[in-house]
Amino acid sequence: MKKNNFSFVLFLLLICLGASSTSLSAQFLQSIQVLPSNGNYGLAVLELGSNDKITISFDDTQDNDYSLSYRVIHCNADFTPSSLKEIEYMEGQNKTDINQVDLSFNTRINYTHYQLEFPSPYQKLKVSGLYQIEIFQNGAPQEVLAKIPFYVCESKVNIQAQVRVPQRVDYRKSRQELYITVNNTNAQLNIIQAQQNLKVFVQQNRNTNILRRVPLLFNVGQTFEYKDNDLNVWDGLNEFRNFDTRTLSYAGRNVERLEKINDIWNVFLYDEHSKLGYSYLNQDDINGNFVIKAERSEHSDIEADYAYVHFFLKSEALLACDVYVLGQFNQWQASQESKMSYNRDIQSYVLSLLLKQGFYDYTYLCKTQQKDDYIRMENNFQDTENDYYIFVFYRNPGGRYDQLIGIRKVNSRN
């Protein structure tokens, strides 16, 4: 079967699914972006007591102008809801309507663009920690369409971090080791029972699937060392794959060709292969992120068009794992929408995704019930450029929530 025929069949299927839906489904929420006003970390971080804000935007590709709202949930460091009641972590109305709604302009696929700024002038957060904004349709608050995490920090510790070549000889070509020192610089904070109550989490790039708590090695007074443990050693993996659809006038980066099918743009990427067995190649990426942009447009939020992007990963046989396309653009979710299917006729794993114009980083994941395996598709190198985000939480003995008392971003090449 040729690529053209395969993609056209899938295109018709997606159109039918969209037309038959009578309520907004999570799969039609696209292009979720979170932009912080301070930009200190590249993450959605608010400093407690400051005027910092985050701007959240997304599209509904069903183009039905639904009435949507959001609420804010305070969480523990492990993303489970904390025991705090609303009144304990927030002032002002929690359930809030999303009133900034615009329709797309001059696009082949019509969509509705939503945007909200948090906190509003009538909202105030009282405590630090990990939070989630939940988006839902009015009248169906129990059906959460999207969960968008953000952080509120009360900076009380100094975090020093370095990424080094691992000490173990067998790790030196493929992995990166993180050394972390946390210094308590706040006279009003006395950290006790640090093994239990001081929680240091590390996330590689912005991939929430590659997140772990690292163990305390020792402390001297109020200085805490996190190093010399296998949990501080990370697979270097590989530079992200990417493609460029900022223009649909010609084929951009990693795009083999463009076609209009039933007046809808279809973007066919080049055939790709597993990188296992290949040497490291340094190439520019944005560490898993994506940027919405239409060339020659000043208002890409409503003027950028959507296109079906077709991925082809060559494989001579069916693999003993499920294969997914992941990135910040789909919040790293190994879901049915991001799962590839195997096409024996062209000996390729294939997937078609409806994506807005822009520049996208992505990676392939080989997933079994036992583990998430990126190496099988992407290889593993110590030389890879990675960002590491360090989150320091503290829970007072007998306390009911995890305070976020420090954040640090470090790059493997700094």
Side-chain angles (χ1 to χ4, degrees), residues 7 10-35 55-70 97-117 133-140 143-148 243-249 252 258-267 289-310 325 327-331 333 335-338 351-360 362:
S7 301
L10 184 55
F11 166 78
L12 292 178
L13 176 61
L14 289 170
I15 292 296
C16 291
L17 288 173
S20 64
S21 179
T22 58
S23 62
L24 183 58
S25 169
Q27 75 183 88
F28 294 103
L29 281 192
Q30 302 276 351
S31 308
I32 298 174
Q33 290 190 296
V34 186
L35 301 177
T55 300
I56 297 173
S57 63
F58 56 90
D59 299 332
D60 162 28
T61 53
Q62 284 182 284
D63 188 35
N64 283 328
D65 191 12
Y66 289 101
S67 179
L68 302 181
S69 296
Y70 72 90
D97 294 337
I98 302 176
N99 295 318
Q100 190 168 342
V101 182
D102 296 291
L103 301 178
S104 62
F105 176 75
N106 199 28
T107 56
R108 295 180 183 276
I109 290 184
N110 295 325
Y111 57 89
T112 307
H113 181 74
Y114 295 83
Q115 183 170 305
L116 67 95
E117 188 177 76
I133 282 181
E134 295 184 344
I135 308 293
F136 58 92
Q137 188 175 343
N138 286 346
E143 298 178 12
V144 178
L145 301 172
K147 295 181 179 180
I148 303 169
F243 64 88
D244 189 347
T245 57
R246 286 175 291 181
T247 178
L248 295 173
S249 300
L258 304 169
E259 288 186 17
K260 274 191 288 186
I261 302 176
N262 281 14
D263 206 35
I264 302 299
W265 282 112
N266 282 251
V267 177
N289 206 354
F290 73 108
V291 177
I292 297 298
K293 177 63 180 174
E295 195 173 75
R296 301 188 184 93
S297 172
E298 295 182 2
H299 305 285
S300 294
D301 51 351
I302 60 171
E303 293 179 350
D305 211 339
Y306 274 85
Y308 285 102
V309 179
H310 304 280
V325 179
Q328 185 63 32
F329 71 92
N330 60 9
Q331 297 185 299
Q333 294 300 306
S335 63
Q336 195 61 37
E337 288 73 34
S338 61
L351 178 67
S352 297
L353 293 174
L354 184 63
L355 298 174
K356 202 171 185 177
Q357 280 183 267
F359 187 92
Y360 289 78
Y362 64 97

Is any side-chain heavy atom of D60 closer than 4.5 Å to a side-chain heavy atom of Y114? yes
In short, T61 meets Q30 closest at the heavy-atom pair CG2-CG, 3.6 Å
Apply salt bridge (Lys or Arg N to Asp or Glu O under 4.0 Å) to E295 and list each qualifying residue two or more places apart in sequence or on a separate chain. none
Would you name the heavy atoms of V291 and Q33 that are closest together and state the gap between them? CA-NE2, 4.4 Å
Under 3.5 Å, is there a donor-acceptor pair between the side chain of N262 and the main chain of I264? no
Between S335 and Q333, is any side-chain donor less than 3.5 angstrom from a side-chain acceptor? no
side-chain contact (heavy atoms from CB on, under 4.5 Å) between K147 and I133: does it pass, once the steps are laid out? CA-CA 6 Å; K147 295 181 179 180; I133 282 181; over 6 Å; no
To the nearest 0.5 Å, how far apart are CG in L29 and OG1 in T112? 10.5 Å
Any donor-acceptor pair under 3.5 Å linking the side chain of Y360 with the backbone of N289? no
Listed by chain and number, what are the side-chain contact (heavy atoms from CB on, under 4.5 Å) partners of A294, not counting sequence neighbours? S297, S300, A304, Q357
Please give me the minimum heavy-atom distance between Y66 and Q137, naming the atom from each residue. CD2-NE2, 3.2 Å
Could you state the interatomic distance from CD1 (I98) to CG (L116), rounded to the nearest 0.5 Å? 5.0 Å
Measure the shortest side-chain to side-chain distance between L353 and F329 over non-hydrogen atoms and say whether it is less than 4.5 angstrom. yes
Take S57 and H113 through the test side-chain contact (heavy atoms from CB on, under 4.5 Å) and record every step on the way to the result. CA-CA 7 Å; S57 63; H113 181 74; 3.7 Å; yes
If every non-hydrogen atom of E303 is compared with every non-hydrogen atom of T107, which pair is closest and at what distance? O-CG2, 3.7 Å
Spacing of CD1 belonging to I56 relative to OH belonging to Y70, to within rounding of 0.5 Å: 8.0 Å
Would Q115 and T55 count as a side-chain contact (heavy atoms from CB on, under 4.5 Å) if you check the C-alpha gap in whole Å, the side-chain angles of each, and the deciding distance to 0.1 Å? CA-CA 7 Å; Q115 183 170 305; T55 300; 3.7 Å; yes
Using a 4.5 Å cut-off on heavy atoms from C-beta on, say whether the side chain of F359 contacts that of F243. no
Residues that N330 engages under side-chain contact (heavy atoms from CB on, under 4.5 Å), provided they are two or more places apart: L326, S338
To check you understand the geometry: which heavy-atom pair defines the closest contact between E143 and F136, and what is its length? O-CB, 3.7 Å
Residue among D305, D301, I109, N110 satisfying side-chain contact (heavy atoms from CB on, under 4.5 Å) with S104: N110
Hey, are the side chains of K260 and R108 touching, using non-hydrogen atoms and a 4.5 Å cut-off? yes
Y111/Y306 aromatic ring centres below 6.0 Å: yes
Is any side-chain heavy atom of L355 closer than 4.5 Å to a side-chain heavy atom of T245? no
side-chain contact (heavy atoms from CB on, under 4.5 Å) filter on N106, not counting sequence neighbours, yields none
Could you tell me which residues satisfy side-chain contact (heavy atoms from CB on, under 4.5 Å) with D97, sequence neighbours excluded, listed by chain and number? S69, K95, N99, N138
State, to 0.1 Å, how close W265 and L258 come at their nearest heavy-atom pair, and which atoms those are. CZ3-CB, 4.0 Å
After noting the C-alpha distance and the side-chain angles of L68 and L145, does the key distance pass the side-chain contact (heavy atoms from CB on, under 4.5 Å) rule? CA-CA 10 Å; L68 302 181; L145 301 172; 4.1 Å; yes
For K356, is there an ion pair with D59 - N to carboxylate O distance below 4.0 angstrom? yes
Taking salt bridge (Lys or Arg N to Asp or Glu O under 4.0 Å) as the definition, give me every residue that meets it alongside D244, ordered by chain and number, with sequence neighbours left out. R246
